[in-house]
Amino acid sequence: MSEKRRFHPLALVIYLFNNIKAFFFIFIALFFQTKIGEGVSWLLIGGLALVLTIFAMVRYFSEYYQISPEKVVIYKGVFRKSETDIFYERMQTIKERQWFFFQPFHVTQVLIETAGGGANKAEASLVAVPEALLSQIEGYRNSVSKQGGNEALVAELAEDNDRVDSQTPVVATTKSPEYIYQVTNQQIFWFGITDLSMLFAAFTILVFIQELVPEGWIDRAADLSVNLLKAGWLMALAFGAVILLILMVFSLVKNFLQYYNFQVSRTGDTLTIESGLLERRVQKIPLAKLQGIKINQQLLRKVLGLSSVQLLLAGGQETEGESGESKALYFLPIIQEKELYGVLDFLLPDWDFNQPAIQYVSRGKLFYFWRWPVLIMVPATLAAFFVHPAAGGVMTLVTVVALVASFLDCHYQGYSLQSEKRLCIQNFAVITKTLTFVERPKIQAFAEKSSIWLYPKQIGHVALTVKEGTGNLQLHLRFIDYAAVEELKHFFRRK
């Protein structure tokens, strides 16, 4: 086993960045605070920055790592010391992240996920280590998976590990990928301008902006809005277009930083996904961890003939990393609908992908989808108008969205039995159509239910449970005929 080693000094930069990010809104609040005076605000900002720097230094000097042919060990703590042992046979996914300022020093970050890891973050993070260390971990991991490992190979890797400790470069021998698909800049552009998450982010900022921005600024913005409305609807429309353009620019920048040079490849039984401009991220995923494929197509992308593909994975799966990356694990961020299934079949030939022939199971049952939104939301909307016209307008918009979403779910809901072991479920959630492909061995449970009002009409619901991360994902089909229920039940029980 190698001796305990401290991370590269660049880890200090990462620790400080994460500390500042955690207290970002406090920095913003202090910056805009005018009641205590400008001098006091800057003094508090400087004091907070100093404290966060000290915490980063304490963390850096109290963390170590150790590599052996059997496991990776991470040591942490000053007063309460902890030791985390991660054996190679428990490792499921290994990720690599490399900021642009890591590259000249041949340093990278290695994230390790295990079957028993948490749902929100990797179980182990080697924050800043030599690039060659990743090859050593992969080598040990592969040797352990091959019938307990070959002794000669393990001994050779141990010698390589000693060279890594002495900072001597090690050349890794890796197989060439069997399949490679790369997302173009043009595809990232379309992904950015159709990314509706920026609208929700803008709405969230508007909700909290009153707490951060001085009242005088808000009053001036309100006066400007009133003047624009007085100037005419064309001026107001132009102002809205400018705001929308700014949001699109932010969305493009964000998505280019995250998905630049995005490529997915397959080598043997491992998928490798890598992307990023300022921070290059590499994730290796064993096919055994793959539970299913999810194809999303929100309304705007449906009009343009575009889709996005996500992976459903079992075991500990980081959902929001230290870089703030998207929670969705995209297999293909964006792709033309006409080439979707050809590319999927190219990357996953053992799945034998083809476009599903969906059997729609709830058309003609709109009454069941609309009854509760109408019974609950329509009276609530009328009551809101008595409270305030603006509240009534908001509730009217919410009610219309709920009714449209229910109509789309009723119209598009369905399934397709693609083979004796593969099922495709189609749903429509709010503004996004989703196709979920799962294989029967990956389905954990099947549930059916009805009610005293629905059963006489031979109508019921089904729910299929699939493992996702450390929890479960349920695939629902609502208000479907019992003939479809029985067909799905027979599929699940088939041996």
Side-chain angles (χ1 to χ4, degrees), residues 93 119 181 183 187 191 194-197 258-259 262 264 266 271 273 275 283 285-302 305-315 317-320 325-337 339-348 350-359 405 408-409 412-419 421-446 462-478 488:
T93 304
Y181 179 82
V183 175
Q187 289 175 309
F191 184 84
T194 58
D195 186 3
L196 298 181
S197 65
Q258 186 169 345
Y259 296 113
F262 184 103
V264 56
R266 176 174 171 179
L271 290 172
I273 300 174
S275 66
Q283 180 170 359
I285 303 168
L287 286 177
K289 192 179 179 183
L290 183 61
Q291 300 296 295
I293 300 289
K294 184 183 288 186
I295 300 174
N296 295 323
Q297 191 179 49
Q298 41 105 319
L299 285 177
L300 184 56
R301 290 176 181 161
K302 180 175 176 59
L306 303 171
S307 299
S308 298
V309 183
Q310 295 174 231
L311 298 180
L312 300 178
L313 302 180
Q317 173 62 25
E318 182 190 19
T319 55
E320 187 170 2
E325 65 179 340
S326 172
K327 292 184 178 181
L329 176 58
Y330 282 111
F331 185 49
L332 298 170
I334 198 159
I335 186 171
Q336 287 287 339
E337 192 174 5
E339 62 180 22
L340 170 62
Y341 292 98
V343 172
L344 287 175
D345 195 47
F346 171 71
L347 290 168
L348 298 169
D350 41 333
W351 277 63
D352 191 23
F353 265 105
N354 54 75
Q355 188 165 1
I358 298 296
Q359 178 182 339
L408 292 173
D409 192 21
Y412 284 101
Q413 183 182 238
Y415 69 93
S416 172
L417 298 178
Q418 290 199 292
S419 67
K421 65 174 184 176
R422 183 173 302 116
L423 169 68
C424 174
I425 298 286
Q426 179 171 283
N427 299 102
F428 213 107
V430 188
I431 59 170
T432 302
K433 185 180 73 172
T434 300
L435 286 165
T436 306
F437 296 82
V438 293
E439 295 196 333
R440 189 176 63 254
K442 303 294 185 180
I443 300 174
Q444 305 291 314
F446 175 90
V462 298
L464 294 91
T465 303
V466 181
K467 190 76 174 176
E468 182 182 27
T470 56
N472 294 319
L473 170 69
Q474 285 202 330
L475 304 174
H476 294 275
L477 290 173
R478 301 185 299 149
L488 290 169

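Below, each value reflects all heavy atoms present in this structure, side chains not excepted, and no hydrogens, waters or symmetry copies.
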Option passing side-chain hydrogen bond (donor to acceptor under 3.5 Å, both in side chains) with Gln310 (candidates Thr434, Thr436, Asn296) | Asn296
Min side-chain heavy-atom separation [X]-[Y] under 4.5 Å:
X: Val438; Y: Leu464; answer: no
X: Phe428; Y: Leu299; answer: yes
X: Leu475; Y: Ile443; answer: no
X: Tyr259; Y: Val183; answer: no
X: Leu473; Y: Lys294; answer: yes
X: Phe437; Y: Leu344; answer: no

In Å and rounded to the nearest 0.5 Å, what is the [atom1] to [atom2] distance from [X] to [Y]?
X: Gln187; Y: Ile334; atom1: CD; atom2: CD1; answer: 7.5 Å
X: Lys442; Y: Lys421; atom1: NZ; atom2: NZ; answer: 10.0 Å
X: Leu477; Y: Tyr415; atom1: CG; atom2: OH; answer: 8.5 Å
X: Leu313; Y: Lys467; atom1: CG; atom2: NZ; answer: 12.5 Å
X: Leu290; Y: Ile285; atom1: CG; atom2: CD1; answer: 8.0 Å
X: Leu417; Y: Leu423; atom1: CG; atom2: CG; answer: 6.0 Å

Residue pair Arg266, Leu287: steps toward the side-chain contact (heavy atoms from CB on, under 4.5 Å) verdict | CA-CA 10 Å; Arg266 176 174 171 179; Leu287 286 177; 3.3 Å; yes
Any salt bridge between Asp352 and Arg422, counting N to O under 4.0 Å?
-> no
Taking the six-membered ring for Trp and the single ring otherwise, decide whether the centroids of Phe191 and Phe262 are under 6.0 Å apart.
-> no
If the plane angle is over 60° it's perpendicular, under 30° parallel, otherwise tilted; pick one for Phe353 and Tyr341.
-> tilted
[X] to [Y] - nearest heavy-atom pair and separation:
X: Asp409; Y: Arg478; result: OD2-NH2, 3.3 Å
X: His476; Y: Gln413; result: O-OE1, 4.0 Å
X: Ser307; Y: Gln297; result: OG-NE2, 3.5 Å
X: Gln258; Y: Ser275; result: O-OG, 3.0 Å
X: Gly292; Y: Trp351; result: CA-CH2, 4.0 Å
X: Ile358; Y: Cys424; result: CD1-SG, 4.1 Å

Residue pair Asp345, Asn354: steps toward the side-chain contact (heavy atoms from CB on, under 4.5 Å) verdict = CA-CA 8 Å; Asp345 195 47; Asn354 54 75; over 6 Å; no
Start with the C-alpha distance between Lys433 and Gln426, add both sets of side-chain angles, then the distance that settles side-chain contact (heavy atoms from CB on, under 4.5 Å), and finish with yes or no.
-> CA-CA 7 Å; Lys433 185 180 73 172; Gln426 179 171 283; 3.9 Å; yes
Main-chain N/O of Gln474 paired with Thr465 side-chain donor or acceptor, under 3.5 Å | no
Whether Gln298 side chain and Arg301 backbone form a donor-acceptor pair below 3.5 Å | yes
Could you walk me through whether Ile293 and Leu435 pass the side-chain contact (heavy atoms from CB on, under 4.5 Å) check?
-> CA-CA 8 Å; Ile293 300 289; Leu435 286 165; over 6 Å; no
Quick one: is the NZ or CZ of Arg440 closer than 6.0 Å to the six-membered ring centre of Phe446, and within 45° of its axis?
-> no
